[in-house]
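Proteins come first, then strands; the chains are lettered A, B, ... in the order of their sequence lines, and each starts at number 1.
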Amino acid sequence: MIKLLHVEDDADIREIAKMALELSGDIEVVQCVSGEDALTVVQSFVPDVFLLDMMMPGMTGMQTLEKMREMPGLDQIPAIFMTARAQHAELEELRNLGAADVISKPFDPMSLGDQIKSVMAKTT
Amino acid sequence: MTGRSAFAFATGCVLGGGFYTAAQALLSGQAQQIVPIAGAIAVSSLFPMLLVKSQARSNAKKVNLSLSQRLDVLKAHALVNIVDEQSRVVEVNDKLLDLTGYTRADLIGKPVTMLYDEAGKKLAAEIRNNLARGKTWQGETPLMRADGSIFYTHTTVMPLFDTKGHWVGSISARTDVTHVNKLMSERSTASTLHELNDDVWIVDAESQSFSYMNRAAMRRFGVSSEIYTQKTLTDFAADYGLAPIKIACDALVESDGAFAQLECDMDAKTFQVTIKHLHDYDEAGRLLIMLEDISRRVEQERLEANFISTVSHELRSPMTSIKGSMGLLLSNAAGNLPKSARGLIEIAHRNADRLVLIINDILDLDKISSGQMDFDIKRINISELVQESISASATLNQRFAMNIECVGTEIPHWIDTDPNRIMQILTNLLSNASKFSKSNGRITLSLEAKGQDLRVSVRDEGAGIPAKDQPKVFQRFADMANSERSVKGGTGLGLSICKAIVENLGGSIGFDSVEGVGTTFFFTLPKANAKAHQLEEMVQFREVG
């Protein structure tokens with residue numbers, strides 16, 4: 001079972017992603033509504049992979065990851081970003097900043113689980 | 001003849017109406033007829049200082065100025081001509097000939113209007129009306145030289161009558177006021193320059209010391225002419241953070257260039273700075289520097305650019321929810337759907353896809369318009385890319401039941417280009433070919449090396465593009481076959497984006513189409529890209545080193 005922490009401010013997208021990921025059967029999903037929320041949750045839940053929305057009010061996905069990287073035991077956890085800014089240069093920039101993968105919005109819910117597993121297969 | 005008798009005779013002439021003869025005498029130099037001339041002069045106010053004030057008359061007598069001397073002054077000072085009642089030139093003085101470039105033979109007997117341009121001819125009619133009523137006319141008239149150039153004169157035209165009081169012509173005395181007008185104009189220009197809202201500076205090109213600042217510039221820097229004339233461009237560059245202007249001025253003078261333009265920030269404002277190197281003053285010349293505050297324009301452009309990008313991105317979040325929900329429903333995540341409901345959800349899902357394509361295309365167009373479309377040039381085997389594009393279009397091909405054949409992809413074709421952008425073009429052309437082909441139609445995708453270029457073509461056997469629509473093919477939202485587009489799911493932007501991408505990659509795009517037979521879209525790209533070669537050489541150098 002893959003433990004995944006999903007950080008997303010949009011409630012509808014959270015619900016769709018949770019349903020899609022749970023359909024795959026072997027992903028345990030914990031969700032947070034903001035970067036600040038995620039920083040609290042990771043103190044009691046250490047995931048195998050982060051799925052972070054890039055643009056959020058307050059801390060962005062990247063800022064959230066940077067803060068979590070400073071916390072013990074979280075510096076090597078692969079991070080996947082979701083972004084609506086899907087232009088080529090912006091995706092490359094995210095990858096250069098340490099993203100294991102970047103998923104463009106709108107994403108295909110039926111292949112989301114496979115994308116997560118593919119990243120996990122590459123990083124473990 | 002004494003001055004007193006000349007005056008008396010002139011007065012008599014005025015009363016008796018002998019001007020015409022008098023004026024002729026003036027110009028022909030017949031001494032015995034000179035006296036009436038003085039009368040003409042007097043009335044036409046050419047010498048008011050001699051004749052109007054008694055004190056002046058008295059002084060004239062004291063200096064014993066001869067009439068011929070007085071006439072010499074007039075002839076030297078003014079341009080004089082006489083015309084008959086038909087406005088034909090009867091006589092002109094030498095000064096008028098000198099200034100106009102005509103000979104006496106050119107003008108005598110000709111209409112005086114040959115000295116006028118179109119504006120002057122209209123004025124001539126007004127003057128003639130005045131003269132016919134016995135009135136003297138004064139004002140500014142343009143005169144045309146023999147070479148067609150214009151000069152301006154202040155003119156007095158006085159009617160001439162014979163002894164019976166019949167109007168027989170007129171005499172004109174003119175003073176060239178071109179230089180006065182020029183001075184007035186220059187003063188007006190200088191005054192306008194001083195009142196401009198934009199800053200205007202003038203600095204010496206060599207020493208870069210300030211010689212002029214208009215009011216706006218003095219106000220901005222809080223300096224008077226006493227202060228700025230003690231300053232140089234270096235002082236201002238250091239005091240106000242205007243180093244870019246100083247650098248641009250140095251470069252302009254160094255290269256002996258004529259013009260430079262740059263943008264510069266000062267006091268949280270953006271200025272467009274225009275520098276002109278003027279050589280009209282001395283060898284080193286002067287630099288005319290104009291600063292236009294373009295802060296509002298820059299901010300407006302930034303807002304406009306951000307608006308399209310922001311709106312497009314903001315649309316993606318709700319689209320994620322809409323497409324995601326429908327995708328889950330179609331995969332039976334919420335249970336099996338009745339057949340009719342599935343059909344409707346499929347329609348909604350397909351149109352949500354279409355909306356996402358439009359958003360992507362609008363973002364691409366925005367990038368193209370602002371020159372910000374990025375390209376990641378790599379050396380790739382385009383034969384592989386073509387195969388990938390067919391796989392990427394599989395869903396579409398299934399929907400439209402197409403048979404795709406490849407020609408020339410069995411051998412590798414290496415090219416320096418952006419694979420993502422080429423994939424974008426290929427999927428677009430394949431998508432178009434599928435949509436506009438008959439069901440089970442054939443699409444042929446070909447690769448062909450042509451010298452230094454590579455040609456990629458996508459041929460369909462569809463209905464073809466009507467001749468009347470062909471010129472609009474690469475236009476944005478071209479209005480051809482609008483109904484087809486809505487049915488088949490195009491955005492109307494794809495081909496204009498393809499064209500922009502191909503051209504940015506140094507290639508060209510086109511098509512051949514025959515109605516009822518089919519359409520072939522093709523693009524050629526240079527196999528070698530200078531930028532990619534530079535990168536490759538750097539890598540090789542590092543590897544060898």
Exceeds 12 heavy-atom contacts within 6.0 angstrom, atom CD of A/Gln115: yes
Rounded distance (nearest 0.5 Å) linking atom CE of A/Met82 with atom CZ of B/Arg316: 13.0 Å
Residue A/Pro109 versus chain B: region with a heavy atom under 4.5 Å: side chain
Rounded distance [0.5 Å steps], CG in A/Asp108 versus OG in B/Ser331: 9.0 Å
Spatial distance of atom CD (A/Glu8) from atom OG (B/Ser317) [nearest 0.5 Å]: 7.0 Å
B/Leu328/A/Met110 under side-chain contact (heavy atoms from CB on, under 4.5 Å): CA gap, chis, key distance, verdict: CA-CA 7 Å; B/Leu328 287 169; A/Met110 299 319 296; 4.0 Å; yes
Where B/Ser321 and A/Asp12 come nearest, the two heavy atoms and their spacing: OG-CB, 3.3 Å
Part of A/Leu23 lying under 4.5 Å from any heavy atom of chain B: side chain
Under 4.5 Å from a heavy atom of chain B, the part of A/Asp10 involved: side chain
Heavy atoms of other groups near A/Lys67 NZ, more than 12 under 6.0 Å: no
Whether over 12 other heavy atoms sit under 6.0 Å from A/Phe45 CZ: yes
Inter-residue atom distance B/Thr320.OG1 - A/Ile103.CD1, 0.5 Å rounding: 11.5 Å
